[in-house]
Amino acid sequence: SNGAEIARALNARKAARQMSEMAKNTQSLFAQYGHDPQELARMIGEIGTKEGMAKFAAEASKATTWEKLIEGWKAGLVSGPVTHLANLMGNGTFATMRVPIDAIAAGIGRLRGADVGERLSMWEPVARVAGMIEGTKNGSKIAASMMLKEDAMVGKAESFRHAIEGKKGEIIRLPFRALGAEDALFKAMNESGETFAQATRQAIIEGLNPQTREFRVRTVELMQNPTPEMIKEIFDAGTRFTFNADLGPKGAAVQSFVKEWHLEFMVPFIRTPGNIAKELLRMTPMAPVIKEWRTDLAAGGIKADRAMAEVVLGTAIMSTVFAFALDGNISGAGDPDPAKRRAQLAAGWQPYSIKIGDTWYNYQRLQPVGTLMGMAADIAEVWEHMDSDESDKTPKMLSVAFANAITSQTFLQGITNMINALSDPTRFGPRLVQSFAASTVPNIVAQPTAMLDPFTREVDSVRQAVQARIPGLRDDL
């Protein structure tokens, strides 16, 4: 059957995927020990026998007390149900957006009069949907197997090894395992969607009619034996669309700086938020600041069409949100006047949310679309609060909206709180200490506690910040 043939095609790429993962792990190893070339050379030099390999693995897995503390703390940060729901929804939303982007890119290709092979076909978005559905089946099996057995920590854990040993470490790292399983599901889905789309494009280039049996036979053939170029595109789609792509030399430099200066408590994660920020900017008029977007545009053809399609779709989303925000149905950061904002909150209003009926639903965690929506809502709010005689309206509007949308993100709260505390220690210093102390309570406890409480609790001390995240004790505030 076609399903069985497709499954065989997906399984045929497992060896190549494993090789790719090995390469990434090796790169991470060099990133870990690159600051001490002699030690790295000694360790690698001993890999010649089975005993040498075992010794290398043992030494490479040694972790300091600090690394163990960081691993446990970071696992607590991502342990909450809201975090995992956000990861699922964010990955799902972003994967789904590839379909309209393909459709828009196909339209752009037609408008510029490109020949077949130099533009996307309208059949490709359809093929992507079929591939994503098929990939979901395979991805579910992979995700289930990952939950049953702990694997290497690469993905969103941003660590290539396990710091805490034994069964205790396995239990503490369960949130990372869950994130990895979730990403594996969407990685398989995106890879399958890209495989179907690539095979469809090649078959059309070869002059086959999508409505014939010959076309279907040829696409299955291509899925089972993809070209090297196709394989690269497929793997890139899997990593990029789950926000796990490598950040490049600059990102690696930031990661090394944070690790060497022990700044993990301020910046616990770098790669995932960095990729989210990149994808966000690629969907706005600010896309040219992203190197990968400029490279795609300069390449011309299909890549350029897709790059333009991302901006078109992102701008359309922002325009729609802007209109709804002006009507009061989508919120941004809120009134800049603290007293008025408190009054809004007391009336049931909620920042960065969509109003459906009489209830507000937060959209911030639908990344990167959530931040895109937040920027548009903030622009609408700034527009409403600026005087009519302000001549610098547009630059001010954009700068304020961008600053609000970015600094409000969870992954930047540590840096934002630190900068605020340094600029005004009296006002923001206590908040920084409270935030850090509160983060020691794992989110698997804190998030349900807050969700089940219909009231917003007042926090005025470090003790109360911790108390607000513990069931039972929160009720005393």
Side-chain angles (χ1 to χ4, degrees), residues 6 9-10 13 16 94-135 189-241 245 278-279 281-317:
I6 290 165
L10 294 173
R13 299 198 306 274
F94 194 53
T96 304
M97 288 175 65
R98 305 320 300 176
V99 178
I101 285 173
D102 277 358
I104 295 169
I108 292 173
R110 280 187 173 275
L111 286 174
R112 62 184 178 84
D115 296 328
V116 174
E118 290 298 316
R119 60 175 171 83
L120 286 179
S121 160
M122 281 297 182
W123 285 99
E124 287 190 46
V126 177
R128 185 177 295 278
V129 172
M132 288 166 67
I133 293 171
E134 189 66 38
M189 188 173 79
N190 283 305
E191 286 183 352
S192 180
E194 187 69 24
T195 301
F196 275 54
Q198 291 274 341
T200 296
R201 183 189 310 165
Q202 183 59 38
I204 289 174
I205 289 173
E206 293 173 7
L208 297 174
N209 185 338
Q211 297 179 323
T212 63
R213 181 180 178 280
E214 289 77 10
F215 177 89
R216 291 191 291 275
V217 170
R218 179 55 178 151
T219 53
V220 170
E221 236 174 58
L222 288 164
M223 286 187 283
Q224 289 176 336
N225 301 288
T227 65
E229 293 78 14
M230 287 174 64
I231 290 173
K232 182 181 183 307
E233 293 284 342
I234 291 164
F235 285 161
D236 286 350
T239 54
R240 179 190 164 191
F241 300 152
K278 276 187 176 183
E279 297 300 340
L281 291 173
R282 286 184 69 137
M283 298 183 70
T284 71
M286 292 180 283
V289 304
I290 302 301
K291 180 184 176 183
E292 290 86 351
W293 189 90
R294 295 197 307 271
T295 301
D296 285 349
L297 189 67
I302 292 172
K303 288 189 175 182
D305 291 345
R306 273 192 174 142
M308 292 302 298
E310 289 170 352
V311 177
V312 170
L313 181 60
T315 304
I317 292 172

Distance check, rounded to the nearest 0.5 Å: Ile204 atom CD1 versus Asn209 atom CG?
9.0 Å

Between CD1 of Ile104 and CE of Met308, what distance do you get to the nearest 0.5 Å?
11.0 Å

Checking the side chain of Thr284 only, and the main-chain atoms of Leu281 only, is there a donor and an acceptor separated by less than 3.5 Å?
yes

Side chain to side chain donor-acceptor pair (under 3.5 Å): which pairs involve residues 103-115, sequence neighbours left out?
Arg112-Asp305

Which atom names give the shortest non-hydrogen contact between Gly131 and Ser192, and what distance separates them?
O-OG, 2.6 Å

Suppose the criterion is side chain to side chain donor-acceptor pair (under 3.5 Å): which pairs have a residue in residues 120-132, not counting sequence neighbours?
Asp102-Arg128, Glu124-Arg201, Arg128-Glu194

Which atom pairs, donor and acceptor, lie under 3.5 Å between side-chain atoms of residues 292-299 and protein residues at least two apart or in another chain?
| unit_1 | atom_1 | unit_2 | atom_2 | d |
| --- | --- | --- | --- | --- |
| Glu292 | OE2 | Lys278 | NZ | 2.8 |
| Trp293 | NE1 | Ala307 | O | 2.9 |
| Arg294 | NH1 | Pro288 | O | 2.8 |
| Arg294 | NH1 | Val289 | O | 3.3 |
| Thr295 | OG1 | Lys291 | O | 2.9 |
| Asp296 | OD2 | Arg282 | NH2 | 3.0 |

Within this structure, what is the NZ-CD distance for the pair Lys232 and Gln198, rounded to the nearest 0.5 Å?
11.0 Å

Gap separating the CE atom of Met283 from the CD atom of Glu310, nearest 0.5 angstrom
7.0 Å

So, using side chain to side chain contact (heavy atoms under 4.5 Å, CB included) as the criterion, who are the partners of Ala106 when residues are at least two apart?
Leu120, Met122

Rounded distance (nearest 0.5 Å) linking atom CZ of Phe235 with atom OG1 of Thr195:
9.0 Å

What pair of heavy atoms forms the shortest contact from Pro226 to Ile231, and how long is it?
CG-CG1, 3.7 Å

Specify the closest pair of heavy atoms between Leu313 and Pro100, including all atoms of both residues, with the distance to one decimal.
CD2-CG, 4.1 Å

Mind checking side chain to side chain contact (heavy atoms under 4.5 Å, CB included) for Thr96 and listing every partner two or more places apart, or none if nothing turns up?
none

Is the shortest heavy-atom distance from the side chain of Ile317 to the side chain of Met97 under 4.5 Å?
yes

Nearest atoms (heavy-atom pairs only) where Met223 meets Ala199:
CG-CB, 3.9 Å

Suppose we screen for side chain to side chain contact (heavy atoms under 4.5 Å, CB included). Which residues come up paired with Ala127, at least two apart in sequence or across chains?
Phe196, Thr200

In this structure, CD1 of Ile302 is separated from CD of Glu118 (nearest 0.5 Å) by 7.0 Å

With salt bridge (charged side-chain N to carboxylate O under 4.0 Å, His left out) as the criterion, how do Arg216 and Glu221 come out once you've worked through the C-alpha distance, each side chain's angles and the decisive distance to 0.1 Å?
CA-CA 9 Å; Arg216 291 191 291 275; Glu221 236 174 58; over 6 Å; no

Which residues satisfy the side chain to side chain contact (heavy atoms under 4.5 Å, CB included) test with Val129, sequence neighbours excluded?
Val99, Ile133

Of all residues at least two apart in sequence or in a different chain, which pass the side-chain hydrogen bond (donor to acceptor under 3.5 Å, both in side chains) check with Glu206?
Gln202, Arg218

Is any side-chain heavy atom of Glu279 less than 4.5 Å from a side-chain heavy atom of Arg240?
yes

